[in-house]
Amino acid sequence: MKKKLVYLHTMGCQMNVYDSDQMLRRLAAGGYERTENEDLADLIVVNTCAVREKAEHKVISFLGRLVPLKRRKPELVIAVGGCVAQVSHQEILSRMPIVDIVFGPHAAGRVDRLVEQARSGRRPVVDISQDEPCDFSGAGLPAAQAPGPTAFVTIMSGCDNFCTYCVVPFTRGREASRPAADVVAEVAALAAAGVSEVTLLGQNVNSYGKKEGASGFVDLLTRVAQIPGILRIRFVTSHPRDLSPELIAAFSSIEKLCPHLHLPVQSGSDRILKKMNRGYTAEEYLRKVEGLRAARPGMALSTDFIAGFPSETEEDFSATLRLLHTVGFDMVYAFAYSDRPMAAATRFPNKVDGEAKSRRLAEILSAAERIIREKNEAFIGRRVEVLAEGRSRNNPQELTGRAPDNRIVNFAAESPPEELTGRVVPVLVERGLAHSLWGREILPGEET
């Protein structure tokens, strides 16, 4: 019997990466094997992201590339899932009749059944129901396969915050937390398969378990830290408004919790923060940064900024630059504002013109790069403990991995990369670059 092949293309956030991995497990239970060659596939699944307008354009562009393939192989099943599918399913089907299945994030756990429906002749198949959270329970599925020494685990889905620029509450629905026992069991299975670093995922992990009356996020972190084989724990994303004193203190009390936090601020202007419905002021954000750095000296902070939010003035933008310099972030992700379907800010007046948005974005990125390079250069001559993840893409003779504070480190080693992958390797930093560090393995007995 001819084996069935699936080609899966993932766009967007870490949560999409996790969803894609779980979909592959479901499809594997139905006899599918993954292929990296779309021309050989019997099934193509595109897992999409709708956070930025450009992401939607990428989806249509990718599907356009598949038109000749579908003509050659009419039996090929093409499925589009994720957030773009949730909000733009009608547009996808009208613009791309090659698509057989459209499904939202909540239907990802039903992907195997949707494929069978499409193969039985009912096309197109549409499933954008949000009545139940996505079910990725492991019953009857193949054992989790470690993709390497690191892995993502989603602990909750959806969001109740309704920031005025954001489409996530409409694409992923309202907040729902997975039972802690399920999360712990999944992490334990990954650890048994060779994973030593896990990143817990949620739109706002600070809210974990609150609606369900569970014991909360800090308790979950404590339980995960007790799992044998897990050496490092990370999590994203943490909403500044809900960053509790207990979670700040956890960076001091839970040794395996890495000294890095992604804390999206979005703007340094209190007026704009209020229009964004973020629920905190710039001063409140800065106080939490102080608390984090007091709890864990050497704490690295990354953040998000939106340039050109509706009605943002030059004064508002100057406040953003001041906050950027005051905090001195270790990594910055910045984007020009774009209207998103159903988000409240789409209806706001006084939109910032494209030239101003581009200029402000460039200023944020330029200032951030100077700060980050200076911070990285300060690591020269220091020892860092790097979890080796595999060969470096820039130089396959070297390895790449991350330091505890989430800095990317590329390094030379005397041992073959395969022998060091998955191990924590001491590295002497010799260069600090714009977005990474470079160094060499410290050999046994070598003084640093």
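Just so it is clear, the structure is predicted and the values come from calculations on it, not from any experiment. The figures that follow rest on heavy atoms only: side chains count, while hydrogens, waters and symmetry mates do not.
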Charged N to carboxylate O under 4.0 angstrom, R113 versus D127?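 No, R113 and D127 are not salt-bridged.
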Could you walk me through whether L263 and L292 pass the side-chain contact (heavy atoms from CB on, under 4.5 Å) test, one step at a time? CA-CA 11 Å; L263 196 64; L292 287 162; 4.1 Å; yes
Is there any salt bridge (charged side-chain N to carboxylate O under 4.0 Å, His left out) pair reaching into residues 295-322, and which pairs are they, with sequence neighbours excluded?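 Non-adjacent pairs meeting salt bridge (charged side-chain N to carboxylate O under 4.0 Å, His left out): R271-D316, E312-R360, E314-R359, E314-R360.
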For a side-chain contact (heavy atoms from CB on, under 4.5 Å) check, start with the C-alpha distance between F379 and W438, then their side-chain angles and the critical distance, and finish with the verdict. CA-CA 10 Å; F379 275 82; W438 186 90; over 6 Å; no
Do [X] and [Y] come close enough that some side-chain heavy atom pair is under 4.5 Å?
X	Y	value
P404	R232	yes
R402	R234	yes
P264	T237	yes

To check you understand the geometry: which heavy-atom pair defines the closest contact between [X] and [Y], and what is its length?
X	Y	value
A334	I364	CB-CG2, 3.8 Å
P105	R172	CB-NH1, 3.8 Å
F348	P310	CB-CB, 3.8 Å

Out of L273, T326, T303, which one pairs with Y285 under the side-chain contact (heavy atoms from CB on, under 4.5 Å) rule?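 Testing each of L273, T326, T303 against Y285, the sole residue satisfying side-chain contact (heavy atoms from CB on, under 4.5 Å) is T303.
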If we count only N and O atoms by modelled type, under 3.5 Å, do the side chains of S302 and H260 hold a donor and an acceptor together?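 On atom types as modelled, these side chains qualify, holding a pair under 3.5 Å.
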Do N206 and S238 have a side chain donor and acceptor closer than 3.5 Å?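 Yes - a donor-acceptor pair under 3.5 Å links their side chains.
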Should V205 and L200 be marked as a side-chain contact (heavy atoms from CB on, under 4.5 Å) after you check the CA-CA gap, both sets of side-chain angles, and the distance that decides it? CA-CA 8 Å; V205 294; L200 306 181; 5.5 Å; no
Pair R223, Q226 - check side chain to side chain donor-acceptor pair (under 3.5 Å), show working. CA-CA 5 Å; R223 293 178 64 179; Q226 294 168 350; over 6 Å; no
Is there a side chain to side chain donor-acceptor pair (under 3.5 Å) between R370 and S366? Walk through the geometry before answering. CA-CA 6 Å; R370 289 194 297 271; S366 177; 2.9 Å; yes
Relative to the ring of F62, is the ring of Y7 parallel (under 30°), tilted (30 to 60°) or perpendicular (over 60°)?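 Ring orientation, 0 to 90° scale: parallel.
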Quick check, are the ring centers of F309 and F317 under 6.0 angstrom apart?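 No, the ring centres sit 6.0 Å or more apart.
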Derivation and outcome, side chain to side chain donor-acceptor pair (under 3.5 Å), residues N394 and N410: CA-CA 9 Å; N394 295 331; N410 297 300; 5.6 Å; no
